[in-house]
There are 2 protein chains.
Amino acid sequence: MPTSPLPPTAWAVLGLLSFPGERTGYELKKWADASLRFFYGAPAFSQIYAELRRLERLGYVTSRRSGPEEPRAKRAYAITPAGRDALADWAAGGTGAEDAAADAVTLRHPVVLRVWLGHLAAPERLRALVEEHLARTEGELKEVRDALARADGVEAWAHPQIALRWSERHLLAEVELTRGLLADLEALPPADGGAGQPPPDSPTDG
Amino acid sequence: MPTSPLPPTAWAVLGLLSFPGERTGYELKKWADASLRFFYGAPAFSQIYAELRRLERLGYVTSRRSGPEEPRAKRAYAITPAGRDALADWAAGGTGAEDAAADAVTLRHPVVLRVWLGHLAAPERLRALVEEHLARTEGELKEVRDALARADGVEAWAHPQIALRWSERHLLAEVELTRGLLADLEALPPADGGAGQPPPDSPTDG
DNA sequence: TAGGACATGTAATCAGTTACATGATTAA
DNA sequence: TTAATCATGTAACTGATTACATGTCCTA
């Protein structure tokens with residue numbers, strides 16, 4: 001049967017469970033914060049618990065309570081063979097005719113959005129925002145390097161390490177991109193008020 | 001008064017209107033597809049119309065029907081002085097104590113997610129997925145360069161051009177990152193089945 | 001005169017977040 | 001004993017998408 005059309009986040013949560021061992025929702029969240037976060041984003045606790053319930057309903061995971069039947073007892077999840085099959089199917093790009101649009105990278109960059117609107121802001125203020133972003137990104141780079149250091153040398157976890165290495169390079173690129181932004185902003189001539197033509201990339205001249 | 005807590009998408013739509021001239025929702029969508037898309041994503045038609053209604057309710061834009069009072073007549077929007085003020089405030093990072101988390105870059109990269117899960121897929125299949133992504137990214141790079149060529153030389157639209165230039169460099173970096181991913185995948189030793197330790201970046205060893 | 005681009009909108013649904021409630025276990 | 005961390009969940013909401021409905025205007 002074809003893989004059910006689950007959102008990537010569901011596959012991400014199932015993916016967390018595809019590595020050996022049982023895990024609680026809480027543990028999954030912590031791990032997502034330390035790895036998934038850098039290239040996909042980490043879902044909120046509430047969403048992880050919701051996805052786990054859905055995955056269990058689909059038979060992709062099973063759960064086991066540690067204590068007796070208390071309503072909120074600690075609950076450990078494990079992937080099932082069906083779950084592993086479905087996940088492998090998704091990881092390979094889905095069975096047969098796959099919608100390429102589903103693989104589209106989503107990027108939402110509020111800092112560049114503000115720069116795009118730069119004609120409305122004081123130049124120093126804009127530069128300050130970009131510099132804050134630079135500092136934040138450097139902080140994230142440090143975090144991904146820590147994660148990488150913890151992972152380094154464990155040859156059995158090759159793929160997560162490749163993803164982490166991608167994340168490191170990605171953040172490094174983001175740092176460079178941000179410096180480029182700063183340089184472009186500094187190279188701008190002082191504002192001269194005016195400007196009345198339609199935007200250059202508006203559809204009217206395309 | 002402080003800027004109302006609108007989602008960035010609302011500011012993006014208002015930003016589209018901060019450039020001289022009136023525009024219809026339809027035109028806004030086309031323009032978003034040609035510029036905003038590269039660093040923030042372009043909202044759906046239905047959302048653009050919804051945001052325009054909200055912005056009008058807030059007094060940030062006004063609208064004018066071209067024909068008489070037909071219910072679905074073409075409607076052109078223009079920014080108001082209040083809208084311009086609010087937008088300028090947002091672009092400058094908001095008045096006073098701003099939540100830095102609101103400026104967080106969101107990245108959702110399903111291709112890297114699949115690579116992260118690479119232990120479940122056939123190596124050739126995984127490489128094929130990454131190569132498709134490379135081709136898609138190169139196509140996007142071409143698109144942003146077209147947009148840049150249309151914008152080039154129009155000195156009055158400096159900030160949108162900087163954002164476009166950022167987008168070009170960003171896609172170029174993405175191409176390089178993807179090649180790096182491919183190289184890492186090819187450098188992997190042939191699979192040897194096994195592996196039983198917990199993941200290296202799991203919270204248990206952090 | 002048929003097809004495509006222009007143009008606006010509704011309905012249904014979903015993904016995902018924040019805020020909150022609750023309580024157990026562990027370490028200072 | 002008190003605070004932090006572990007742990008699970010509900011409720012309310014919002015952002016955003018897809019599919020659909022409707023119709024005009026222009027051009028080959």
Side-chain angles (χ1 to χ4, degrees), chain A residues 4-13 22-34 36-37 40-56 61 63-77 99 101-102 104 106-108 110 202-204 206, chain B residues 4-13 22-34 36-37 40-56 61 63-77 99 101-102 104 106-108 110 202-204 206:
Chain A
S4 10
L6 291 172
T9 300
W11 299 117
V13 171
E22 289 182 331
R23 277 167 197 84
T24 66
Y26 191 91
E27 286 169 333
L28 255 19
K29 166 64 173 165
K30 295 293 137 176
W31 189 18
D33 283 343
L36 265 185
R37 196 188 114 209
Y40 198 76
F45 272 118
S46 60
Q47 202 192 349
I48 287 186
Y49 290 121
E51 294 295 355
L52 286 170
R53 285 189 292 266
R54 161 155 61 177
L55 292 169
E56 186 162 38
V61 303
S63 71
R64 190 177 62 79
R65 285 185 181 79
S66 48
E69 295 303 294
E70 302 129 47
R72 273 169 187 239
K74 181 170 166 174
R75 189 189 284 266
Y77 289 86
D99 190 8
T106 331
L107 173 68
R108 225 147 255 226
S202 106
T204 56
Chain B
S4 10
L6 290 173
T9 299
W11 299 117
V13 170
E22 288 183 333
R23 277 167 198 85
T24 65
Y26 191 91
E27 286 169 332
L28 256 19
K29 166 64 174 168
K30 295 293 137 176
W31 188 18
D33 282 344
L36 264 185
R37 194 187 116 211
Y40 197 76
F45 273 118
S46 60
Q47 203 192 348
I48 287 184
Y49 290 122
E51 294 294 356
L52 286 171
R53 284 190 291 267
R54 161 156 60 175
L55 292 169
E56 186 162 38
V61 303
S63 72
R64 190 177 61 80
R65 285 184 180 80
S66 47
E69 295 304 293
E70 300 130 47
R72 274 167 185 241
K74 180 170 168 174
R75 188 189 284 267
Y77 288 87
D99 190 8
T106 331
L107 172 68
R108 225 149 255 222
S202 104
T204 57

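Naming convention: chains lettered A, B, ... in sequence-line order (proteins, then strands); numbering from 1 in each chain.
- Looking only at distances, a side-chain donor or acceptor of B/K29 sits under 3.5 Å from a matching main-chain atom of B/P43.
- In this structure, the NZ atom of B/K29 is 13 Å from the P atom of C/dC6, given to the nearest Å.
- Here C/dA7 presents its P atom at 13 Å from CD of B/E22, a figure rounded to the nearest Å.
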I'd like a list of close polar pairs between nucleotides 16-20 of chain C and the protein, N/O only, cut-off under 3.5 Å.
from, atom 1, to, atom 2, distance (Å)
C/dG16, OP1, A/T9, OG1, 3.3
C/dG16, OP1, B/R108, NH1, 2.6
C/dG16, OP2, A/T9, OG1, 3.1
C/dG16, OP2, A/Q47, NE2, 2.8
C/dT17, OP2, A/A44, N, 3.1
C/dT17, OP2, A/Q47, OE1, 3.1
C/dT18, O4, A/S46, OG, 3.0

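- Going from atom CZ of B/R64 over to atom P of C/dT8 covers 12 Å, rounded to whole Å.
- D/dT5 atom P lies 17 Å from atom NZ of A/K74, rounded to whole Å.
- The phosphate of C/dG9 (OP1 or OP2) has no side-chain N or O of B/Y49 nearer than 4.0 angstrom.
- The side chain to side chain donor-acceptor pair (under 3.5 Å) analysis of residues 41-50 of chain A, with sequence neighbours excluded, yields the pairs A/Q47-A/E51.
- Summarising the geometry of A/L36 relative to A/A12, their closest heavy-atom pair is CD1-CB, 3.8 Å, with the distance given to 0.1 Å.
- As a whole-Å value, the separation of B/K30 NZ from C/dG4 C1' is 11 Å.
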message = Using the rule given for side chain to side chain contact (heavy atoms under 4.5 Å, CB included), can you reason through A/L28 versus A/L52, listing the C-alpha separation, both sets of side-chain angles and the distance that settles it, and then say yes or no?
response = CA-CA 10 Å; A/L28 255 19; A/L52 286 170; 3.9 Å; yes
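- Look at CZ on B/R75: it is 9 Å from C1' on C/dT8, rounded to the nearest Å.
- Taking atom OH on B/Y26 and atom C1' on D/dT22, their separation rounds to 15 Å, with Å as the unit.
- Here the closest non-hydrogen pair linking A/L55 and A/A10 is CD1-O, 3.9 Å.
- One interatomic measurement links the two molecules: CD1 of A/I48 to P of D/dA7, which rounds to 13 Å at whole-angstrom precision.
- Checked options B/R75, B/E22, B/R53; the residue passing with B/S63 is B/R75 (criterion: side chain to side chain donor-acceptor pair (under 3.5 Å)).
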